[in-house]
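Notes follow the structure.
Whatever order the structure lists them in is the order used to number ligands and atoms, beginning at 1. Predicted, not measured: the structure shown is a model, and the values here were computed from it.
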Amino acid sequence: MRGWMGKFRTLALFGALTLILSGCGVDNLSALKPKGYGAELLLDLMMISIAIMIFVFVIVMAIYAFVLIRYRQKKGQENVIPKQTEGNKALEVIWTVIPIILLLVLAVPTVQATFDLADQSSQEDESAMTIEVTGNQYWWHFNYPKEEIAISQEMYIPTGERVYLNLKSSDVIHSFWLPSIAGKMDTNPGENMNTMYLEAYEEGVYWGHCAELCGPSHSLMDFRVVAVSPDKFEQWKEDMQNVDPEATPETTSAQEGQELFNNNCMSCHAIGGSSAGVGPNLTNFGNREKLAGIMEPSKENLVNWIVNPNEYKPGNNMPANIVGEEEASKIADYLLQLKHSDVGDDVPTRNTDE
Ligand code: CUA
């Protein structure tokens, strides 16, 4: 009786865990809910693999159950040794050929998908868009060379188009991973550039993570990709190209913050322009969904971040206490009003955790 209860409990626990864990998949961060071409291709491959595994499992289990029942030791035959079959050629051939066929069934679409996902042949086309992605400890930079736009942490792309990425790193190896739109690609330091492309089907804010252990804050190296319709993207492009970094903010506090920022922060950061700095480019900072990729964009969080960034992202390169709390508060006022474009603010999954 106790034994059965124990088994039941284990089963119930597994059942509950399955239920709870299945809720962990966030819509815009799930390879199982593809919203882009690459992700869809990869899910198809996963499904083929799982189907083959289930097929093999069922057949093996059926044979196992059959043998278990059919060849049980019967009463009165305890000392009978059954007929031994060794080196049965037919059986050897069957269980060698079947796995080869299964591997071929897996290999053909896998190789096809590998070439398909590496196809950059249209990257040089007049209309094609390329974004240069740079991984840094622990933030992402996105450079649009043709459009002369630079932005960090949140990449904007048009839906329904292939956007080509040239990926590299400024320090150690990182990995650009955008599960719901495409796969994953390493960013390497030095000359070894990697490439991939994104093709988003629908508007949304998609979450990305660094997928290569790169230091103490590796797990905090998040980014966002905002996919908007081609029309909205054109608008965003125009908005970003017209950013005036010198524009005077409305409030006195933000004006003072601007001066403090220019004096203390500009050697690493930039606003507007088309180049990457030592630190993230803060254009459109006020529109970001997250602060430093991970925190809610409240003023309190920003002030705490400016004063002591290492508390939130250990090992990051931004020095602490460049300014005091009072000055940080003014700088925060300045940064949070940097809303150069509201394109993308109304996409379906903006500012939700689902
Ligand atoms: Cu960058 Cu992990």
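Nearest N/O/S atom of His174 relative to atom 1 (Cu) of ligand 1: this is ND1. Per residue His218, closest N, O or S atom to atom 2 (Cu) of ligand 1: atom name ND1. For Glu212, the N/O/S atom at the shortest distance from atom 2 (Cu) of ligand 1 is named O.
Enclosure of atom NZ in Lys339 is not indicated, since only 12 or fewer non-hydrogen atoms of other residues, nucleotides or ligands lie within 6.0 angstrom.
The pair Glu203-Lys232 meets the salt-bridge criterion, with a side-chain N (NZ, NE, NH1 or NH2) lying under 4.0 Å from an Asp/Glu carboxylate O.
Using modelled atom types and a 3.5 Å distance limit, the side chains of Tyr138 and Asp222 yield no donor-acceptor pair.
Judged by a 6.0 Å distance limit and a 45° cone about the ring axis, Arg224 is not positioned over the six-membered ring of Tyr206.
At least one N, O or S atom of Met221 sits under 2.8 Å from atom 1 (Cu) of ligand 1.
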